[in-house]
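This is a predicted model, so every value here is computed, not measured. Numbered from 1 within each chain, the chains take letters A, B, ... in sequence-line order.
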Amino acid sequence: MVNGIERPLDLLNASKGKEVLVQLKGEKQFVGTLLAFDIHINIVLDNAKEMDNGQAKKNIGLTFLRGDTIIYISPASTSLK
Amino acid sequence: MVNGIERPLDLLNASKGKEVLVQLKGEKQFVGTLLAFDIHINIVLDNAKEMDNGQAKKNIGLTFLRGDTIIYISPASTSLK
Amino acid sequence: MVNGIERPLDLLNASKGKEVLVQLKGEKQFVGTLLAFDIHINIVLDNAKEMDNGQAKKNIGLTFLRGDTIIYISPASTSLK
Amino acid sequence: MVNGIERPLDLLNASKGKEVLVQLKGEKQFVGTLLAFDIHINIVLDNAKEMDNGQAKKNIGLTFLRGDTIIYISPASTSLK
Amino acid sequence: MVNGIERPLDLLNASKGKEVLVQLKGEKQFVGTLLAFDIHINIVLDNAKEMDNGQAKKNIGLTFLRGDTIIYISPASTSLK
Amino acid sequence: MVNGIERPLDLLNASKGKEVLVQLKGEKQFVGTLLAFDIHINIVLDNAKEMDNGQAKKNIGLTFLRGDTIIYISPASTSLK
Amino acid sequence: MVNGIERPLDLLNASKGKEVLVQLKGEKQFVGTLLAFDIHINIVLDNAKEMDNGQAKKNIGLTFLRGDTIIYISPASTSLK
């Protein structure tokens, strides 16, 4: 997945349809399937779960997340390398 | 509802007239019917209720919410999947 | 009042001359008559009262509120539905 | 003073040369004569006094206040209505 | 110095070469000679001193201050009126 | 690496493909290989590790970091000079 | 160095290649040689050291600092005047 990442948004584009881990300011963390994003890093996740210490705490399903609150977005498949 | 979401605002558009859960910074949470939104993610909710641990704490009726304070917006019908 | 709200600012427009409840960041709350607003959600209230647990704590009369500090604006007549 | 307020800045314009109460984020409060303002709500006060519970705590004279830190500006003459 | 202040930046312009008191967010306070400013309210002070309860705590000499952190700027000569 | 740094982004450009230390607001720290950045200082790191007192605490693999939360970015090879 | 400072960025320009003290929000402080800056006050320091009460705590070498977190930048040679 590393090949072809010229600009930061290329990683988000390559992650569409895949599971991502999203870290928000204030310690909130979500896991879900990345459906869409825009240049403000607003994103839509499907099957979003709010996480607590690696455990799903709450299912929030389909959700719109404002980019302003996001610290990082990581494709889940890469986090165990 | 997942089909046809190309951009994040598509989810908000598909949620018009439906009940949504809105999480604000600082732990405030609202449930209400999404009537309108703009590119700043300013929204209008009808029958808005301020929630406390999943219980309606206060009815605030029709309300304008500034996008700046919003963390996520989720259509309520998807949160129990 | 719900009819005709296509965009969030339509609610503010429909609330001109009416009493609104304004929630600010940091728990401040005001009630007053909405006289004017702009696209930054700067507003002018007449007969503004700073509220404390639903009681008027302090009369500040005519006042200019910067949009940046506002969380929500709700027409008072709808909050008891 | 209510007549003729079409836009929020009209109130600031009508308050030029008059005493205003300025509430800042973080509980600071000033009273002074409004000399000038701009669209960022940067303002200049003359005879500015930093207030503490309604008492003048410190005279800071002529002062430039950045709009970014302002919550509200209220003409002092209207606050006792 | 009040005469001729039409816009907030006029006060900063009139204060060039004079001693000013600069209050920052988070209680930091500086006294120094205002050499320059721009529309972002970035400023340069000469002979800047960080103040603590009205006493010079630390000399930082010539310094560039980012406007973003500034609450107010007051010409020192006016603060004892 | 110092030669040829005319503008701040030149350092980020010279650090592509190299290991960098990224300090975020709120004490979070990451080490990883810088793959991409943009003018908002959004970056992509490969083999990113969240650090705790100089020790890798958690592997998050490939990750997109929003510029808004970044304090500094330092090429790791220079930090032991 | 005071002569010729018409605009705030003139001081940064005059400080290129010289040692500067950089104060960040949240009490972090750096000393290093200023190599580059831009209009967002993003800067690059060489031989940057994180300071703790005037003592070097940690060498971070060559580093990119985002302007957003900076309170002030002062040429070190002027701080002992």
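- Contact of E/D38 with chain G is made through backbone and side chain together, with heavy-atom distances under 4.5 Å.
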Requested in this report: Determine, stepwise, if the pair E/L62 / G/L11 fulfils side chain to side chain contact (heavy atoms under 4.5 Å, CB included).
Outcome: CA-CA 8 Å; E/L62 198 56; G/L11 175 57; 3.4 Å; yes
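- Taking the side chain as every heavy atom from C-beta outward, E/F64 and G/I41 approach each other to under 4.5 Å.
- Interatomic distance, E/I60 CD1 to G/I73 CD1, rounded to the nearest 0.5 Å: 11.5 Å.
- E/L24 has its side chain within reach of G/I71: a pair of non-hydrogen atoms, C-beta onward, lies under 4.5 Å apart.
- In this structure, G/I5 CD1 and E/D46 CG are separated by 7.5 Å, a value rounded to the nearest 0.5 Å.
- A 4.5 Å side-chain heavy-atom check between G/R7 and E/L35 finds every atom pair outside the cut-off.
- Contacts between E/K58 and chain G at a heavy-atom distance below 4.5 Å involve the side chain alone, from C-beta outward.
- Side chain of E/R66 to main chain of G/G67: a donor-acceptor pair is present (N/O by atom type, distance under 3.5 Å, no hydrogens or angles).
- Residue G/T69 holds its OG1 atom at 10.0 Å from CG of E/D68, rounded to the nearest 0.5 Å.
- Contact of the E/K28 side chain with the G/Q23 side chain is registered, since non-hydrogen atoms from C-beta on lie closer than 4.5 Å.
- Contact annotation for E/T63: both backbone and side-chain heavy atoms come within less than 4.5 Å of a heavy atom of chain G.
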